[in-house]
2 protein chains.
Amino acid sequence: MSIRNPKQALYEQFAIVAKALGHPLRLEMIEHLAQGARSVEALAAKLGQPVANISQHLQALRRAGIVSAERDGKFVHYSLADASVLSAFAAVRGVAERRLAEVDRIVRGYFDARDDMRPVTRDELQALMRDGLVTLIDVRPTDEFALGHVPGAINVPLSEIKAWSSRAGAGMEVVAYCRGPWCVMSFEAVAALRSLGHSARRLEDGMPEWRAAGLPVEVAA
Amino acid sequence: MSIRNPKQALYEQFAIVAKALGHPLRLEMIEHLAQGARSVEALAAKLGQPVANISQHLQALRRAGIVSAERDGKFVHYSLADASVLSAFAAVRGVAERRLAEVDRIVRGYFDARDDMRPVTRDELQALMRDGLVTLIDVRPTDEFALGHVPGAINVPLSEIKAWSSRAGAGMEVVAYCRGPWCVMSFEAVAALRSLGHSARRLEDGMPEWRAAGLPVEVAA
DNA sequence: CCGTCCTTCAATAGAGTAATTGAATGACGG
DNA sequence: CCGTCATTCAATTACTCTATTGAAGGACGG
């Protein structure tokens, strides 16, 4: 079994990549790393997992060429190795969205209850922003916002939505985004804002996709 | 552990799809099913595997929404459930090609030895065909050719390359294609044709990608 | 309606994978 | 150069996946 023909050898390599994507925790790690580079410890804290566990999954992702590591003093910073990783994630997600009834059930049961409107596309958002018609809020935690956000967006983490709303006054047109297309926070934000009297919609997906589309990104000073 | 938040529930679904792609045999099954629908038995014969094994892997692929089944009398015909499956396969392959050193090693060691020229793109092929400058050969087995091929292509299975070459005479400009970008047969065909005095190149990828690009497909009567 | 044939299921053994724990490595700061 | 701290490794246990085998469904043809 150790000598293989080249076709099988290649397929084994492709399978290594797919297998590395085949764990929910690793997918969540990829979503977080798509926001920006993270140390093992920081990632473990974000995910509420033991450090050793995250470290081992990071090794698996590295063996599959999905993440790359860079040592910086005591810390090792991991980041996505290639933009093609996001395409692969999106493609897998696309199959699941189109074909798995359970995905449909989850979307209907949770997400549609919070926002069943068509999300705003990137193009639409750019037009709305240009004309000053909407306020764009980034509902991710402050550290993720600092690593890169849509130009003109203001950072309103989910926990501060209510306070921000009362400061800003009612009746605003708001567009919210966060980590990606099914990131829970922007759905929660939209639901909260609507109940507070605003007209709120979501951006079609999050920061990593914005960046991948080649659009400008603003980084905190 | 049975109650999950919706984010984790979604990621579990995405992981089911990725996990189903995470086995070399299942990837090979997908490549074959991309040529056209197959019964369990036919697929098992193509892959040289026991029927029960193939049946179980097909169940796994079906649970992941990757293939769909249709009963026709005694036979159950499986086919790819959605065009997005090919995108997902291609995206995973892209990560592996870009990031895994082992893929590079295999390509250099086997494929480049048979054809290190830049393959012909689909656009280039269409122009060459229009002007009658090349002969296009489909080196897949006859049954796969019959299920759909590039218009104007002639079917020359790999085993018949030599006989065809002597019938056709030397010095021809030939373009060859088969099942996909790393399908071994077109590499072997190009190497054989060159050693027989022809000017041979490969098409950039195979029949499924041609079809997915929305180009016309010819089906045997 | 009974035999045949394609496919699926059930049960098993063996291999691989996941999470946990505690120890080891490797770099920095005093 | 020694202690500290981030990360990785090693070892354990539990779990899941893979391949094989033989038996059970399910549909057709006589």
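Quick caveat: nothing in here was measured; it's all calculated off a predicted structure. Below, chains carry the letters A, B, ... as their sequence lines are ordered, and counting in each starts from 1. The figures that follow rest on heavy atoms only: side chains count, while hydrogens, waters and symmetry mates do not.
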*Atom CZ of A:Phe75 and atom C1' of C:dA27: how far apart are they, to the nearest Å?*
11 Å

_Contact under 4.0 Å: A:Ser55 side-chain N or O vs D:dT8 OP1/OP2_ = yes

*Atom-to-atom span, CD1 of A:Ile16 to C1' of C:dG16 - whole angstrom*: 13 Å

_Under a 4.0 Å threshold between the charged nitrogen and the carboxylate oxygen, would A:Arg93 count as salt-bridged to A:Glu31?_
no

*Between A:Phe14 and A:Tyr11, how do the two ring planes meet: parallel, tilted or perpendicular, split at 30° and 60°?*
tilted

*Chi angles and distances behind the salt bridge (charged side-chain N to carboxylate O under 4.0 Å, His left out) call for A:Asp115, A:Arg202*: CA-CA 8 Å; A:Asp115 176 22; A:Arg202 281 178 316 105; 2.8 Å; yes

*Spacing between B:Gln59 atom CD and D:dA19 atom P, to the nearest angstrom*: 15 Å

*Indicate, with a heavy-atom threshold strictly under 4.0 Å, whether A:Ala60 touches base, sugar-phosphate, or nothing.*
nothing

*Any chance you could measure B:Ile137, atom CD1, to B:Leu203, atom CG, to the nearest 0.5 Å?*
11.5 Å

*Which residue lies toward the 5' end of DNA chain D, B:Gln56 or A:Lys74, if each is placed at its nearest nucleotide?*
A:Lys74

*Is the phosphate of C:dA19, meaning OP1 or OP2, less than 4.0 Å from a side-chain N or O of A:His57?*
yes

*Can you tell me if the side-chain N/O atoms of B:His77 get under 4.0 Å from OP1 or OP2 in C:dC6?*
no

*Is the side chain of A:Gln35 donor-acceptor paired with the backbone N or O of A:Arg179 at a distance under 3.5 Å, no angle test?*
yes

*Roughly how many Å is it from CE in B:Met29 to C1' in D:dA19, rounded to a whole number?*
14 Å

*asked:* Using a strict heavy-atom distance below 4.0 Å, which residues from residues 18-26 of chain A are in contact with DNA chain C?
replied: A:Lys19, A:His23, A:Arg26

*Between A:Val51 and B:Gly73, who's closer to the 5' end of DNA chain D by nearest nucleotide?*
A:Val51

*asked:* Donor-acceptor check, side chain of A:Trp164 to backbone of A:Leu158, threshold 3.5 angstrom: yes or no?
replied: no

*asked:* Any salt bridge linking A:Lys46 with A:Glu144? Criterion: basic side-chain nitrogen under 4.0 Å from a carboxylate oxygen.
replied: yes

_Nearest 0.5 Å, please: how far is CZ in B:Arg26 from CG in B:Leu61?_
6.0 Å

*Take the protein atom CZ of A:Arg71 and the nucleotide atom C1' of C:dG26, then report the distance between them rounded to whole Å.*
6 Å

*Return the value, rounded to whole Å, for the distance between atom OH of B:Tyr78 and atom P of C:dT7.*
9 Å

_Here's a test of your reading of the structure: between A:Ala52 and B:Arg62, which maps to the more 5' nucleotide of DNA chain C?_
B:Arg62

*Under 3.5 Å: donor-acceptor pair, side chain of B:Arg122, backbone of B:Asp205*: no

_Among residues 34-50 of chain A, which ones have heavy-atom contacts with DNA chain C below 4.0 Å?_
A:Pro50

*Between D:dA6 atom P and A:Ile54 atom CD1, what is the distance in whole Å?*
16 Å

_Rounding to an integer number of Å, can you tell me how far A:Asp72 CG sits from D:dT7 P?_
10 Å

*Mind checking whether A:His57 and A:His23 have parallel, tilted or perpendicular rings, split at 30° and 60°?*
tilted

